[in-house]
Number of protein chains: 2
Amino acid sequence: MNEQQWLKELLQRNGEDVKLSEKQIKILQAAIEMFAEKGYAATSTSEIAKRAGVAEGTIFRHYKTKKDLLLAIVTPTLFKSVAPFLAKEFVKEVFESQYQSYEDFIRALLRNRYQFVKKYLPAIRVFWQEIAFHAEIKEQFQRIFTTHVYQKFKQIVEHFQEKGELTAIPVDSVIRMTITTIAGFLLTRFIVLPDYDWDDEAEMERTVQFLMHGLSKKDGWFA
Amino acid sequence: MNEQQWLKELLQRNGEDVKLSEKQIKILQAAIEMFAEKGYAATSTSEIAKRAGVAEGTIFRHYKTKKDLLLAIVTPTLFKSVAPFLAKEFVKEVFESQYQSYEDFIRALLRNRYQFVKKYLPAIRVFWQEIAFHAEIKEQFQRIFTTHVYQKFKQIVEHFQEKGELTAIPVDSVIRMTITTIAGFLLTRFIVLPDYDWDDEAEMERTVQFLMHGLSKKDGWFA
DNA sequence: AATATAAGTGAGTAATCACTCATTATAGAG
DNA sequence: CTCTATAATGAGTGATTACTCACTTATATT
């Protein structure tokens, strides 16, 4: 894919393109690369300017502070990270037609998030590395998660529990196990062992099976 | 527990105590706290000195550079993180007497690592936050993991696969799923949602059951 | 072509950085 | 007590930091 295309896609919201000058794109690219490698605090604005091929003053013309530049990267990444759950009709679609089972839903979600991480990896690195250090980012994430992701996830899990597909353990536990299993795969695949000889299709299907065997209603499960 | 005791326990290796002056303990405590909160790069040595109640020069008398101070925290934490796997007789013990099943082994491991994280949380935060930014730490971790943890984990998993308790999916996948499930619980419990109303005993048992249902040999599993 | 607006520049600034070192305080040995 | 060694200090160092601003260049509008 075009080097600039993925950045523009990352930054767009509600389908509306953001206008970016050439230099602005260069700045964002350089910043993402360097923040991902060395971290926000260890990267100086002069280094970013150098790698972007612009004067240091240019950065501050577009972003009032260095932290504004970080947020310009991190905020869109946060929204894209939970994108499937932001759609209004999402839950309804899961219930009504799209997915016959929790397994189908999980499989689709895993594949979808796999493609997402593959595409935007550097920006995602920055997001997850910096969330530990910046209260604003953490609060924004918690707000989005509780109001959008958690609410909808809960409805979906309860739906499939009532249908008898999932065990009757607490919804929160099901959500936690689902998310940590999916995130655990993606983290191992792209961050911890990116050079391992992965058979992605097979490993994703194994992950789905692992999750479903772990969560399906069956004898022997107790809450 | 004594505020200084846990630090001394963290730093000791092979059961040998390390000699630490009062000021040195204060420095390490301050550094761990601040690195955990703001990150290594965003914490200045003058701030550490201030919080520790020592002169800035005192830090450099004990640690040649700021990075040496970081490594003095991170290296012992790394070793303690994988401590169960460093014992020579570990695999033999698992096979012979201690644990009759993979489930028993996993339950013991989870409880053990739960106590570990609870005890040394701030130092663990520093370790995991900084491993992304420092090649030395990452390399050290990979070396320890492949030579000690992975090798032994593999033997254990193969053992219980041969006994017919675990599915015949690739060993690496079993290890990955086991570790991400355990780490996923601990991460959620202590880092992501520490203020959630946890029933630790129940959630740990649920996690063990989830893992075992996900990994047990049964009809329907395919590799 | 004239004008207005925005984009880009880079030398300059005060603050802060990790680290040094000459000096002083402390403590145990004889 | 004196002597010696180590621990601790904090003012001082040059380098680097995020950010500013007077100025130049490019683009758009009339």
Side-chain angles (χ1 to χ4, degrees), chain A residues 4 7-8 11 17-74 126 129-130 133-137, chain B residues 4 7-8 11 17-74 126 129-130 133-137:
Chain A
Q4 299 177 1
L7 222 183
K8 286 182 181 166
L11 298 181
D17 276 16
V18 254
K19 296 173 215 99
L20 292 173
S21 68
E22 281 296 317
K23 306 244 169 190
Q24 211 169 345
I25 291 174
K26 291 275 188 189
I27 290 168
L28 287 168
Q29 281 180 339
I32 290 173
E33 283 172 29
M34 306 199 70
F35 288 166
E37 262 175 53
K38 322 196 321 171
Y40 168 80
T43 305
S44 69
T45 49
S46 73
E47 285 176 295
I48 296 171
K50 206 172 184 179
R51 165 135 15 162
V54 303
E56 202 173 345
T58 309
I59 293 174
F60 292 96
R61 176 137 320 257
H62 292 287
Y63 306 96
K64 263 175 56 194
T65 65
K66 187 186 167 192
K67 182 157 259 179
D68 278 359
L69 173 58
L70 174 66
L71 294 178
I73 294 164
V74 152
V126 176
Q129 282 167 6
E130 298 304 329
F133 305 132
H134 307 269
E136 323 93 295
I137 302 178
Chain B
Q4 299 175 1
L7 222 182
K8 285 182 181 166
L11 298 182
D17 276 16
V18 254
K19 295 171 216 104
L20 292 174
S21 68
E22 280 298 317
K23 306 242 170 190
Q24 212 169 344
I25 291 174
K26 291 274 188 192
I27 290 167
L28 286 168
Q29 281 179 340
I32 290 173
E33 283 172 30
M34 306 200 71
F35 289 166
E37 261 176 53
K38 323 196 320 171
Y40 168 80
T43 305
S44 69
T45 49
S46 73
E47 286 176 293
I48 296 170
K50 207 173 184 178
R51 163 132 21 158
V54 303
E56 201 174 345
T58 308
I59 294 175
F60 291 96
R61 177 141 319 261
H62 292 287
Y63 305 96
K64 262 176 54 193
T65 64
K66 188 187 168 193
K67 182 155 261 181
D68 278 359
L69 174 58
L70 174 67
L71 294 178
I73 294 163
V74 152
V126 176
Q129 283 167 5
E130 298 303 330
F133 304 132
H134 307 270
E136 323 92 295
I137 302 178

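A note on names: the letters A, B, ... follow the listed sequences, proteins ahead of strands, and every chain is numbered from 1.
- More than 12 heavy atoms of other residues, nucleotides or ligands lie within 6.0 Å of NZ in A/Lys67, so this atom counts as buried by the packing criterion.
- Within the 3.5 Å criterion, the main-chain N or O of A/Tyr40 finds a donor-acceptor partner in the side chain of A/Glu130.
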Per-nucleotide protein contact string for nucleotides 15-26 of chain D, where B marks a base within reach and S marks sugar-phosphate only (heavy atoms under 4.0 Å, - for neither): --SBBB-B----
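- OP1 or OP2 of C/dA6 has not a single side-chain nitrogen or oxygen of A/His62 nearer than 4.0 Å.
- With rounding to the nearest 0.5 angstrom, the CD1 atom of A/Ile73 is 5.0 Å from the CG atom of A/Leu69.
- To the nearest 0.5 Å, atom CD of residue B/Gln129 and atom NE2 of residue B/His134 are 10.5 Å apart.
- The distance between atom CG of B/Leu70 and atom P of C/dC19, rounded to the nearest whole Å, is 12 Å.
- One distance of note links CD1 of A/Ile48 with CD1 of A/Ile27; it measures 9.0 Å at 0.5 Å rounding.
- Atom-to-atom distance recorded for A/Ile59:CD1 and A/Lys23:NZ is 11.5 Å, nearest 0.5 angstrom.
- Not one side-chain nitrogen or oxygen of A/Thr58 sits closer than 4.0 Å to the OP1 or OP2 atom of C/dA7.
- Remark: side-chain polar atoms of B/Lys66 are paired, donor with acceptor, to backbone N or O of B/Thr43 under 3.5 angstrom.
- Rotation axes derived from the C1' atoms of the five outermost pairs at either end of the helix from C/dA1-D/dT30 to C/dG30-D/dC1 lie 10° apart, to the nearest 10°.
- With rounding to whole Å, A/Ile59 atom CD1 is found 13 Å from C/dG10 atom C1'.
- Under 3.5 Å, the side chains of B/Ser46 and B/Glu56 contain no donor-acceptor pair of N or O atoms.
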